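Each remark here refers to the structure printed beneath this line.
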Amino acid sequence: MSTAFAESEERRDLRKAVAELGRKYGRDYFNAAYREGRKTTELWEEAGKLGYLGVAVPEEYGGGGGEIGDLAAVCEELAAAGCPLLLMVVSPAIVGTIIAQYGTDEQKQRWLPGLADGTSTFAFSITEPDAGSNSHKITTTAYRQEDGGWRLSGGKTFISGVDEASQVLVVARTEDHKTGNLKPALFLVPTDAPGFTWQEIPMGIVSPEKQFTLFFDDVVLPSDALIGSEDAGIEQLFAGLNPERIMAASFATGTARLALELATEYAKTRQVWKAPIGAHQAVAHPLAQTHIEIELARLMTQKAAALYAAGDHMGAGEAANMAKYAAGEVVCAAVDRAIQTHGGNGLAEEYGLVQMLAGSRLSRIAPVSREMVLNFVAQFSLGLPKSY
Amino acid sequence: MNIVVCVKYVPDATADRSFDSSDSTVDREGVDGLLSELDEYAVEQALLAAEDGDGEVTVLTVGPADAADAVRKALQMGADKGVHVEDDDIAGSDAVATSLILAKALGTLEYDLVFFGMSSTDGTMGVVPTMVAERLGLPAVTYGSEITVDGSTVTVRRDGDVATETITATAPAVVSVTDQSGEPRYPSFKGIMAAKKKPVEDLTLSDLGIDASEVGLGAAWTKVLSFAPRPPRSAGEIVTDEGDGGTKLAEFLASKKFV
């Protein structure tokens with residue numbers, strides 16, 4: 001059996017087209033949007049119109065009919081152009097995948113066309129203040145109402161982009177399964193629903209996309225707010241989480257590529273003694289090492305996307321976790337080494353690296369921490385005893 | 001309205017371009033090639049002009065095997081089909097020979113209008129549109145910054161240094177467009193996927209009845225004798241302000257004829 005290590009011509013052309021669009025905006029646009037308290041709406045809308053946000057949505061709902069690997073390529077190229085869009089990880093990848101795979105026909109008709117062209121944006125919420133990485137401690141609960149609808153009560157934290165979203169997909173429990181191992185049910189909650197409020201968490205990350213704490217105070221929902229089936233919850237949830245990790249890895253490798261590109265250019269041109277600083281191995285080797293580590297992380301991301309597209313969800317899960325781990329490590333290293341290459345300029349706003357510093361650490365923590373990935377690999381790949 | 005857009009595959013203008021030291025032609029090895037950015041404007045205008053009617057947009061290129069990338073990009077943007085003239089004997093052709101090949105290839109196609117970019121981003125001569133028009137005996141309206149097609153009439157606005165002209169021509173005609181004509185579209189994902197199913201016809205010199213001696217480096221009317229990289233920028237002049245800094249700056253600007 002042979003495996004192709006080159007991406008298809010179409011995906012390479014997609015990368016080129018997206019990179020061109022990304023360059024039109026670039027990191028100056030992204031940083032200015034952050035500084036001025038704006039959103040990257042123009043870029044989001046243009047990418048949506050061109051079908052880049054909906055590449056993985058089925059064609060019958062107005063999408064491109066592509067794979068998660070295509071969507072990941074879009075995310076990576078935009079990040080590499082200086083416009084990392086966190087909501088791509090959430091809206092088309094997690095929510096889009098879950099609705100496309102598990103939504104009722106009506107839910108698909110209603111929600112997927114907006115996901116395909118980017119006109120609707122969805123947030124996703126699972127993390128709770130008292131549960132953290134332990135999803136089994138989630139307490140947000142949905143109570144069945146007499147009319148068949150639901151009443152939602154609870155709270156979430158570190159939820160991205162709620163202020164830009166029309167709906168939030170909420171991971172909750174039903175009252176029949178209030179305790180014990182998580183048996184999740186997923187609800188779409190409109191951001192203007194009475195009883196639903198949120199508060200911004202001030203973050204040190206340079207991004208127009210914000211983080212929020214959410215409060216659900218007896219939010220009344222119609223019966224069709226439940227996505228898919230009440231019983232298939234955990235399967236549905238996992239269906240969205242592999243794409244999330246693949247996207248998070250691409251988000252990170254894109255940013256790492258940008259940091260490396262800036263560092264390499266600087267090392268080639270900065271000269272204070274007789275040769276450019278890149279001629280010194282102490283400068284060159286860390287950059288070469290970064291290039292290798294980026295390519296390794298990208299390769300594992302592509303493997304995860306290929307396994308996912310082939311329907312091997314267990315294999316994809318392991319590869320997606322490894323890719324997310326590797327990408328999180330390399331983006332931290334890339335930004336760190338790029339700043340070191342620049343000396344004092346690395347911390348000057350003009351050079352655009354210091355703005356990437358806090359964001360690069362995000363990739364090591366979210367959507368699943370490095371430590372939880374290592375737990376997963378220790379337990380499932382190596383068969384080591386469970387530690388928690 | 002059937003439109004043929006003639007496009008060129010060129011080395012990426014944002015990269016470090018150079019010449020091939022063996023024959024002083026463009027070095028295609030060291031730099032990635034792509035559809036000339038100036039030709040994207042012609043593709044855009046052709047697509048807009050064809051959008052309302054039931055005509056087709058055909059993209060035509062003359063170039064090496066990799067020039068298929070330029071055709072594919074135009075097909076991804078929305079052109080309907082492609083024609084690629086490729087032959088080893090074409091290598092090194094000048095504008096005169098290129099216009100001969102394009103004119104012969106156009107002879108095999110049905111068209112009302114022929115669109116060009118204002119010039120290539122590598123040769124930057126901008127003479128091929130007029131040469132092709134001359135060979136075909138067609139009117140040429142060049143450097144259009146606004147193009148309106150109505151029935152068989154094309155109206156073109158030309159913005160010159162001292163005047164703006166509005167010129168109309170009756171199809172068939174040759175039109176070249178500037179980078180002021182409107183931003184070219186990006187290929188959509190659907191466009192990228194659709195392009196692989198669109199037909200591309202490959203032609204050789206013998207298909208077009210052209211003798212190899214008429215084209216290529218040997219037939220070129222000009223010859224590149226030598227080339228040298230642009231010298232690195234020299235250090236700027238530092239004016240020390242000893243109370244007369246303003247005067248010195250003004251003198252400098254005056255010496256360069258800025259003031």
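If you're wondering where the values come from, they're calculated on a predicted model, not measured in any experiment.
Within the 3.5 Å criterion, the main-chain N or O of A:Glu209 finds no donor-acceptor partner in the side chain of A:Lys39. Here the side chain of A:His342 pairs a donor or acceptor atom with the backbone of A:Ala338 at under 3.5 angstrom.
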When the side chains of residues 85-99 of chain A are checked against the rest of the protein, which donor-acceptor pairs come out under 3.5 Å, sequence neighbours left out?
from, atom 1, to, atom 2, distance (Å)
A:Ser91, OG, A:Phe122, N, 2.9
A:Thr97, OG1, A:Ala93, O, 2.4

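In this view, A:Ala80 and A:Arg257 satisfy the side-chain contact (heavy atoms from CB on, under 4.5 Å) rule, not counting sequence neighbours. Residues that satisfy the side-chain hydrogen bond (donor to acceptor under 3.5 Å, both in side chains) test with A:Thr290, not counting sequence neighbours, are A:Arg337.
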_Verdict with supporting geometry, B:Met77 and B:Val5, side-chain contact (heavy atoms from CB on, under 4.5 Å)_ = CA-CA 12 Å; B:Met77 289 172 74; B:Val5 193; over 6 Å; no
Hey, what donor-acceptor pairs show up under 3.5 Å between chain A and chain B?
from, atom 1, to, atom 2, distance (Å)
A:Glu9, OE2, B:Arg72, NH1, 3.2
A:Asp13, OD1, B:Arg72, NH2, 3.1
A:Asp13, OD2, B:Arg72, NE, 2.7
A:Asp13, OD2, B:Arg72, NH2, 3.2
A:Asp13, OD2, B:Gln76, NE2, 2.8
A:Glu20, OE1, B:Lys73, NZ, 3.1
A:Leu50, O, B:Phe189, N, 2.9
A:Tyr52, OH, B:Pro187, O, 2.5
A:Gly62, O, B:Lys190, NZ, 3.4

